[in-house]
Amino acid sequence: MKKAEIKLNVTLDDQNIPETIDWSSTDGESSDEMPAKAMFLALWDAQYKNSLRIDLWTKDMPYDEMKRFFYETLQTLGDSFIRASGGDPMADKVIGDLRDYCAHFADKMEVLEQEG
């Protein structure tokens with residue numbers, strides 16, 4: 001059996017606000033620590049049937065990048081759900097609704113206009 005380790009290091013200021021977030025993985029292209037400005041970590045607690053989450057961002061994370069981070073996270077959550085659904089046609093339909101919302105979010109938050 002293969003094992004991999006994902007390691008997160010968060011440096012906090014004196015008010016417990018993240019200053020830096022660094023991560024590494026033993027199963028990646030490099031095991032070097034990589035910097036990140038924000039992270040969402042979600043785990044499923046099977047015993048209590050609920051999710052456990054950690055949402056962190058550094059105090060120097062620009063707002064425009066945070067909007068893009070939320071947009072991309074919503075999009076990839078849809079991709080993950082489609083893969084996990086095992087071909088359930090209802091999943092495709094519901095994720096279509098999520099994609100519509102993502103387009104609305106991107107429009108209202110002017111996320112995609114910031115690319116050019």
Side-chain angles (χ1 to χ4, degrees):
M1 178 187 318
K2 182 178 177 180
K3 286 190 175 188
E5 179 179 61
I6 299 170
K7 189 175 179 183
L8 296 163
N9 285 308
V10 180
T11 304
L12 305 172
D13 68 9
D14 58 351
Q15 297 175 358
N16 289 329
I17 298 172
E19 291 204 0
T20 63
I21 300 170
D22 296 297
W23 70 279
S24 62
S25 170
T26 58
D27 200 30
E29 291 181 20
S30 169
S31 60
D32 296 340
E33 281 195 347
M34 302 286 289
K37 292 285 185 186
M39 63 172 267
F40 296 140
L41 175 64
L43 304 166
W44 181 250
D45 184 328
Q47 179 181 357
Y48 293 105
K49 305 284 189 246
N50 65 3
S51 60
L52 308 169
R53 295 185 21 233
I54 300 173
D55 304 334
L56 296 176
W57 53 91
T58 60
K59 55 183 160 185
D60 64 342
M61 172 81 169
Y63 180 57
D64 61 328
E65 289 181 24
M66 181 61 78
K67 293 186 300 185
R68 180 65 185 243
F69 182 49
F70 270 79
Y71 168 75
E72 290 189 10
T73 299
L74 289 170
Q75 290 279 45
T76 57
L77 283 171
D79 297 339
S80 296
F81 191 78
I82 292 293
R83 284 193 311 273
S85 72
D88 178 3
M90 183 56 72
D92 285 331
K93 183 177 180 184
V94 170
I95 295 307
D97 292 341
L98 176 61
R99 300 262 186 257
D100 290 345
Y101 173 74
C102 287
H104 173 75
F105 178 88
D107 180 52
K108 293 296 182 187
M109 298 303 286
E110 300 176 342
V111 170
L112 301 179
E113 287 82 5
Q114 297 171 6
E115 289 179 343

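Please read these numbers as outputs of a predicted model, since none were measured by experiment.
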Treating Ile, Leu, Val, Met, Phe, Trp and Tyr as nodes and any side-chain heavy-atom pair under 4.5 angstrom as an edge, say whether [X] and [Y] lie in one connected cluster.
X	Y	value
Met109	Leu98	no
Ile6	Leu52	no
Val111	Tyr101	yes
Ile54	Leu43	yes

Indicate the atoms forming the closest heavy-atom contact of [X] with [Y], along with that distance.
X	Y	value
Thr26	Glu5	OG1-N, 2.7 Å
Met39	Leu41	CE-CB, 3.8 Å
Ala91	Ile82	O-CD1, 3.8 Å
Thr58	Ala36	CG2-O, 4.1 Å
Ser31	Ser24	O-CB, 3.5 Å

Can you tell whether the side chains of [X] and [Y] come within less than 4.0 Å, N to carboxylate O?
X	Y	value
Lys59	Glu19	yes
Lys3	Asp27	no
Asp79	Arg99	yes

Just so I know, are the side chains of [X] and [Y] near enough to count as touching, which here means a heavy-atom distance under 4.5 Å?
X	Y	answer
Trp23	Asn9	no
Leu8	Asp22	no
Asp97	Ile95	no
Leu56	Ile21	yes

task = I would like to know whether Trp57 and Phe69 meet side-chain contact (heavy atoms from CB on, under 4.5 Å); could you show each step before the answer?
result = CA-CA 10 Å; Trp57 53 91; Phe69 182 49; over 6 Å; no
Looking at [atom1] of [X] and [atom2] of [Y], how far apart are the two atoms once the value is rounded to the nearest 0.5 Å?
X	Y	atom1	atom2	answer
Phe40	Thr73	CZ	OG1	5.0 Å
Glu110	Lys67	CD	NZ	6.0 Å
Leu112	Cys102	CG	SG	10.0 Å

Under 3.5 Å, is there a donor-acceptor pair between the side chain of Lys49 and the main chain of Ala46? yes
Q) Can you tell me if CD1 on Ile17 sees more than 12 non-hydrogen neighbours from other groups inside 6.0 Å? A) yes
Return the orientation label for the Phe105 and Tyr71 ring planes: parallel under 30°, perpendicular over 60°, tilted otherwise.
parallel
